[in-house]
Every structure is written in structure tokens, then in C-alpha cells.
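Please read the structure below before turning to the comments.
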Amino acid sequence: MKVIFLPLLLSSLTLLSPAGHASAAPGISVGFSPEGSAEALVLGVIDRAQADIRLAGYSFTSPDVSAALVRAKARGVDVRVVLDEKANQNRKSQAAINVLTARDIPVRLNGRYAALHDKFIVADGRTVETGSVNYTRAGARYNSENVLVIEGMPELADRYLQHCQSRWDAGTDYRLSY
């Protein structure tokens, strides 16, 4: 197994203040909830994507993330989403997922694991967003969460893409609930 180490030097971090303002050099950014910077980073990764987005998540209810993914699809980005099957059987999850599938964004649910507890996005084969935050309103606004965005590391992005593809392959297509 190949392990990739990230040199997390203070000089390479872009830290977001509670107000969401960036400082320092690009490459690695970190944000936190409920201060707002975690959600800002997630939405920024989606909004900047130009070619493709792969999202793997546990609980998915966020109308803001759903809307950002729909906007990405509308501008020609290839979007695919794989989610935990058991965590997304509630009304809020189904509403958020229906928004995606109604706009031809493929979604698969994976029930193979006790929990598909992944929470990451890979954009354009070179940007990885990961951390503890679920793609939910609670994760963005009420919980204490973190997000890390690593840009310009295609080798790392490729590892995440391989993982995402394996979860996608083991999933089943989501069908609109209405």
C-alpha cells in the first residue's frame, strides 16, 4: 500500500477566519463549522470545478450543496455522487437527492458497509475536499466540524478517485422517490 504524506507546514496553509476570509498561500485550505468557513470551502470547490466532480458522502441533506452541484452540472461539469444507503432513507435526504437525480446527476447508494462514512469531493482530478463535515445543514451550521481542501495534488486526487470508483461500483442507482 502506497502512503502519501502531506507536508502540513504553516507556511503552506490557507487559514480561513470565522468570517471566511482567506490569508496565506494557496495549496491547502482549512475551514470549520459552525463558523461558516467549512461550508464556504465545500461550495467553493464545487463552484470552481470545470470538468468533473465526484462526491462521496455519508448523510446528504444540504440544499446548498445540492444547488451547487446542479449549477455545476448546468455549466457542463460531469457530476456523480455516491452516498451511504442507510443514512439517506429519510425525507430530507430523499428531497436533496431528488433534486440531483431530477437534473440527471447520477446518484448511487451503497449499503455494502456498516457505514459508508466517507466525506469527500474530488474536483477536476486535482482538488480534494475532505474532513468531518457531512453534506447537511446541521454539518454546516450547528455541528463542530472541519474541512480540508488540498489543491494541485493529482496523485492524491487519483487515490481518492479510485476509492470513490470502488464505492460507486458497489452501489445501486438511486431512483426518484416521487
Side-chain angles (χ1 to χ4, degrees), residues 29 31 33 37-113 115-141 145 147-178:
S29 304
S33 291
S37 55
E39 183 178 50
L41 285 175
V42 169
L43 297 175
V45 167
I46 296 169
D47 288 340
R48 286 188 307 276
Q50 297 176 358
D52 50 67
I53 293 171
R54 298 296 179 262
L55 182 149
Y58 177 65
S59 181
F60 188 87
T61 64
S62 173
D64 296 330
V65 173
S66 294
L69 292 170
V70 168
R71 287 192 307 272
K73 172 78 173 181
R75 66 177 184 272
V77 176
D78 178 30
V79 179
R80 286 196 321 190
V81 174
V82 61
L83 302 167
D84 182 79
E85 183 175 50
K86 293 173 282 306
N88 291 286
Q89 296 300 315
N90 60 76
R91 186 180 51 79
K92 286 183 181 179
S93 292
Q94 290 178 355
I97 298 167
N98 283 343
V99 167
L100 302 180
T101 56
R103 283 147 183 97
D104 298 321
I105 295 174
V107 176
R108 285 197 176 172
L109 300 180
N110 184 315
R112 179 176 177 190
Y113 304 94
L116 188 150
H117 211 243
D118 292 303
K119 299 155 188 150
F120 66 85
I121 296 171
V122 180
D124 300 334
R126 53 182 290 109
T127 299
V128 175
E129 175 275 316
T130 191
S132 67
V133 73
N134 284 304
Y135 303 109
T136 65
R137 183 164 280 156
R141 298 186 183 163
E145 305 277 3
V147 165
L148 184 67
V149 176
I150 305 135
E151 298 184 78
M153 291 193 66
E155 306 86 12
L156 178 68
D158 188 56
R159 295 287 306 274
Y160 273 89
L161 285 171
Q162 290 173 32
H163 181 77
C164 192
Q165 185 66 46
S166 72
R167 297 332 185 234
W168 176 266
D169 291 344
T172 56
D173 292 335
Y174 179 83
R175 303 279 184 230
L176 284 171
S177 63
Y178 57 85

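We count residues from 1, following the sequence as given. Being a predicted model, the structure only gives us computed values, none of them experimental. Hydrogens, waters and symmetry mates play no part in the numbers below; they use all other heavy atoms, side chains included.
Residue pairs meeting the ring pair (Phe, Tyr, Trp, His ring centres under 6.0 Å) criterion with at least one member in residues 81-113: none, sequence neighbours excluded. Annotation: ring pair (Phe, Tyr, Trp, His ring centres under 6.0 Å) contacts involving residues 45-99, sequence neighbours excluded, comprise Y58-H117. Identified under the side chain to side chain donor-acceptor pair (under 3.5 Å) test for residues 120-130, with sequence neighbours left out: E129-Y135.
The only option from L156, V45, L148, I121 that meets the side chain to side chain contact (heavy atoms under 4.5 Å, CB included) definition with V128 turns out to be L156.
Ring-plane geometry between Y160 and F120 is classed as perpendicular, the angle between the planes exceeding 60 degrees on a 0 to 90 degree scale with a lower cut at 30.
In this structure, the side chains of L116 and E85 stay at 4.5 Å or more apart for every pair of heavy atoms. Between R103 and V79, the closest side-chain pair of non-hydrogen atoms is not below 4.5 Å. Within the 4.5 Å cutoff, side-chain heavy atoms of D78 are placed close to those of R54. Considering only heavy atoms from C-beta on, D173 stays 4.5 Å or farther from P106 through its side chain. Residues V99 and I105 form no side-chain contact, since every pair of their non-hydrogen atoms from C-beta on lies 4.5 Å or further apart.
If you take CG on N134 and CD on E145, they are separated by 6.0 Å, rounding to the nearest 0.5 Å. A distance of 8.0 Å separates CD of Q89 from CD1 of I97, quoted to the nearest 0.5 Å. Taking CZ from R91 and OG1 from T61, the interatomic distance works out to 11.0 Å, rounded to the nearest 0.5 Å. Taken to the nearest 0.5 Å, the CG atom of L41 stands 11.5 Å off from the CD1 atom of I46. The distance from atom CZ of R137 to atom OG of S33, rounded to the nearest 0.5 Å, is 13.0 Å. A distance of 6.5 Å separates CG in N90 from CG in N88, rounded to the nearest 0.5 Å.
Listed here is the closest heavy atom pair of V133 and G139: CG2-O, 3.3 Å. Closest approach of G125 to D52, counting heavy atoms only: N-OD1, 3.7 Å. Considering all non-hydrogen atoms of both residues, G111 and K86 come closest at O-NZ, 3.7 Å. Summarising the geometry of A96 relative to S66, their closest heavy-atom pair is O-OG, 3.4 Å, with the distance given to 0.1 Å.
Between the side chain of D158 and the backbone N or O of P154, no donor-acceptor pair lies under 3.5 Å. One N or O on the side chain of N110 and one on the backbone of R167 form a donor-acceptor pair closer than 3.5 Å.
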V149/E151 under side-chain contact (heavy atoms from CB on, under 4.5 Å): CA gap, chis, key distance, verdict: CA-CA 6 Å; V149 176; E151 298 184 78; 3.8 Å; yes
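A 6.0 Å sphere centred on CZ of R75 holds more than 12 heavy atoms belonging to other residues, nucleotides or ligands.
One finds no salt bridge joining K73 and D104 here, because no Lys/Arg side-chain nitrogen approaches an Asp/Glu carboxylate oxygen to under 4.0 Å.
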